[in-house]
Amino acid sequence: MYQSKSFIPTLKEEPAEAQIPSHRLMLRAGLVRQVAAGVFSWLPLGFRVLKKIINLLREEIDAIGGQEFFLPALNPVEIWEQTGRAEAMGDVMFHIKNREGLVLAPTHEEIITYHARQHVKSYRDMPQIWYQVQTKFRNEPRPKSGVIRGRQFYMKDSYSLDENFDGLDISYQKHFEAYKRIFDRCHIKYFVVGASSGAMGGRQSQEFMVESESGEDTCAVSDSGYAANIEVASSALEPAKRLADNPEIEKFATPNAKTINDLIEQFGIPEERCAKSVVYMADDSPVLIFMRGNDELNESKLSGVLGTNNFRPAESIELVKYTGADHGSIGPINLKTKFKLIADNLLENANGLVSGANIDGFHYKNIDFSRDCSIDEFHDLRTVHAGEPCPVNGSPIRVAKAIELGHIFKLGTKYSEALGAKFLDANGKENPIVMGSYGIGVERIMACFIEQNHDESGVIWRQPISPFDVHIIPLGLNKSAEVGEIADKIYKDMSDSGFEVLYDDRNESPGVKFNDADLIGIPYQIIVGMKNIKNGNIEIKSRDSGERDIVPIDAIADYFK
RNA sequence: CGGGGCGUAGCGCAGCCCGGUUAGCGCGUCUGGUUUGGGACCAGAAGGCCGGAGGUUCGAAUCCUCUCGCCCCGACCA
């Protein structure tokens, strides 16, 4: 492609709005332009890369038996109401204003299930893997980091349909392997974590993560290979040991102790003997949760335990109403009303505990969770922190921020049941289709690649996602007709041989051309200048290593073999 | 949605506190010329309702009120 005729608006200066390297370089190299917060236009050069990534995705999903669909972005809201996600999505879903009943699809489980319901009626029709690479719309409260978090973005989404969970396991595993191939082929350094399935529903899920300061997810990783999203991560901390001395409970005045730290400082109570009380309202019912000492309650885990996303910390009025005391003095003994009590695993069967007396300004000590009160359930509820031992072999956990590139879910039957997608099994019995859902953020692949493959000068593309294979850079076109003739011939020969060639035929000074070439970042620069052609040579520079080879003009084809 | 910052030429910015001629600078763009192995130089030129709406004032980019947009932190994140 002739660069003089191409629209590749490179920027010499840093755009003010871009904070992270990938965003800055995508703007500077002329890949994208922002139109509104979280909304971007892809310019020709950037779109070339996007198309290459999409083609690679198609190859790998086709290879596991995927069949590509093209699904509507406009969806009837009814179908989203049937699965309960119209409400669950809330403001995240765009609603069409001048055509009641239509929404912009933030994802496509509903539509896929709708088609499955229509036509997948027998176990003989399965397994199926259906996918699409399309624009999704999400009204993100805060778009950020360039294309990493937009309101409109490409997603490769595939969905598996199976007759049972064994089949789902196979479909899931196929995707797991395909995803590894995809990210490997894109030269992205990633790791896989166990994840929460959140409002998607389902049982197992894993995320493909790229470690980055710009990441929005937090992960716990350790040298043992343990890796989990902080939402589900656990550590191998020992529970509080039972004390041999187990006296009766005793009320004591704690007028100035509102927090666990106050108790520790004012009364010398060891942190692990404090049972911190936290009250949440879940679907309008109170739940009292006990955490060890200053352990942080993990709301993702709590959500799983409560089975709802509709919960919040209780307010003071509610605290007094249900427990008899305000925050700082709440505990398991002497509660004003009876309601559900749950506790973190680290407190299971613990004794010698200090907790609120449900009278403002008083606590009990010597509480034995087995003897003095009845805890309904124990669960892992705490948020892990750096340095804690990992569950695999106890090596220390590191906490890292990461960008979520892909997410694979075992959905199960949530959507098929909600929408009535049922089939007859070999015994003639009706069952809901067992589904999986597997997403990849297409723009995020590009952004993460650039985050990991750039230098001071610009992007450093690698195949197979580079926008071009080679960049021909003739120097001194005005001064020497010969340079132009040789460059023309190289351009023609390489194009004819199937190379994708960007040809900088512009009448610019060498500095401009070199800087643009490094910024755009095509893997090889073929530099045609008088210095070398008088000896029958050209120069080939590797963008990645910076190494330069002097190559005879007629040996260029061999060079790239 | 809370907190903070910013809207002045295509891009990056100054001017604003302390109101007062034709609103500046750098880059880019256009014309002519000189240059051509790492963003070169000279001369000339075009380009702005100072985000928008009200107000205060003899006079507003500048002061006040309200709005809209963008960025950052937090909340949120299928």
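Proteins come first, then strands; the chains are lettered A, B, ... in the order of their sequence lines, and each starts at number 1.
Of the candidates C71(B), G39(B), C13(B), C13(B) carries the atom nearest the Ala16(A) side chain, counting heavy atoms from C-beta on. Proximity note for Ser509(A) (side chain, C-beta onward) versus C77(B), G37(B), A40(B): the nearest is A40(B). Set against G39(B), G37(B), G74(B), the side chain of Arg142(A) has G74(B) as its closest nucleotide. For Ala36(A), counting side-chain heavy atoms from C-beta on, the closest listed nucleotide (C72(B), G37(B), C70(B)) is C70(B). Which of G37(B), G39(B), C76(B) sits closest to the side chain of Lys479(A) comes down to G37(B).
No engagement by Val92(A) is indicated, since no non-hydrogen atom pair under 4.0 Å with the nucleic acid exists. Glu17(A) comes within contact range of the sugar-phosphate backbone alone, with a heavy-atom separation under 4.0 Å but no base atom that close. Counting non-hydrogen atoms under 4.0 angstrom, Leu475(A) reaches a base of the nucleic acid. Within the 4.0 angstrom heavy-atom criterion, no nucleotide atom of any strand lies near Tyr438(A). Among the heavy atoms of the strands lying under 4.0 Å from Gly529(A) is at least one base atom, whether or not backbone atoms are also near. Within 4.0 Å (heavy atoms only), Asp518(A) reaches at least one base atom of the nucleic acid. Contact annotation for Asp217(A): no contact, since no heavy-atom pair falls under 4.0 Å across all strands. Using a 4.0 Å heavy-atom criterion, one finds that Arg28(A) contacts the bases of the nucleic acid, with or without backbone contacts as well.
Across the strands present, C63(B) finds its partner in G55(B); the criterion is a Watson-Crick or G-U wobble pair with both atom distances under 3.5 angstrom. Of the nucleotides present, C73(B) is the one that pairs with G2(B) by Watson-Crick or G-U wobble criteria, both distances under 3.5 Å. Pair check for G48(B) finds none; no Watson-Crick or G-U wobble contact set falls under 3.5 Å. Look at G19(B): it lacks any Watson-Crick or wobble partner with both distances under 3.5 angstrom. Nucleotide G7(B) forms a Watson-Crick or G-U wobble pair with C68(B), both donor-acceptor distances falling under 3.5 Å. Using Watson-Crick or G-U wobble geometry with both donor-acceptor distances under 3.5 Å, C41(B) finds its partner in G33(B).
Comparing C1(B) with U67(B), their P atoms are spaced 12 Å from each other, to the whole Å. Distance check on atom P: G4(B) versus U21(B) gives 35 Å, rounded to whole Å. C6(B) and C49(B): their P atoms are spaced 23 Å apart (whole Å). Comparing G5(B) with A9(B), their P atoms are spaced 22 Å from each other, to the whole Å. G2(B) and C18(B) have their C1' atoms separated by 34 Å, given to the nearest Å.
Using the six-membered ring where Trp is involved, His175(A) and Tyr179(A) have ring planes that are perpendicular, over 60° apart on the 30 and 60° scheme. Taking the six-membered ring where the residue is Trp, His23(A) and Phe40(A) present perpendicular rings, their angle passing 60° and hence far from 30°. Aromatic ring orientation, Tyr524(A) versus Phe560(A): perpendicular (interplanar angle above 60°, classes split at 30° and 60°).
With a 6.0 Å radius and a threshold of 12 heavy atoms from other residues, nucleotides or ligands, Asp284(A) has its CG atom at or below the threshold.
The pair Lys489(A)-Asp493(A) meets the salt-bridge criterion, with a side-chain N (NZ, NE, NH1 or NH2) lying under 4.0 Å from an Asp/Glu carboxylate O.
Under 3.5 Å, the side chain of Asn532(A) and the base of G37(B) form at least one donor-acceptor pair of N or O atoms. One N or O donor and one acceptor, one from the side chain of Arg548(A) and one from the base of G38(B), sit under 3.5 Å apart. For Glu13(A) and G26(B), a side-chain-to-base donor-acceptor distance below 3.5 Å is present, hydrogens and geometry of angles not being considered.
Looking at which nucleotide of RNA chain B each of Lys144(A) and Met155(A) is closest to, the 5′-most match is held by Lys144(A). Between Lys531(A) and Pro106(A), the one whose closest nucleotide on RNA chain B sits nearer the 5' end is Lys531(A).
In this structure, Asn229(A) places its CG atom 11 Å from C1' of C77(B), rounding to the nearest Å.
For the pair Lys410(A) and Tyr172(A), the cation-pi criterion (under 6.0 Å, within 45° of the ring axis) is fulfilled.
The aromatic ring centres of Tyr415(A) and Tyr159(A) sit 6.0 Å or more apart.
At least one side-chain nitrogen or oxygen of Lys12(A) sits closer than 4.0 Å to the OP1 or OP2 atom of G28(B). The side chain of Arg149(A) places no N or O atom within less than 4.0 Å of a non-bridging phosphate oxygen (OP1 or OP2) of C76(B).
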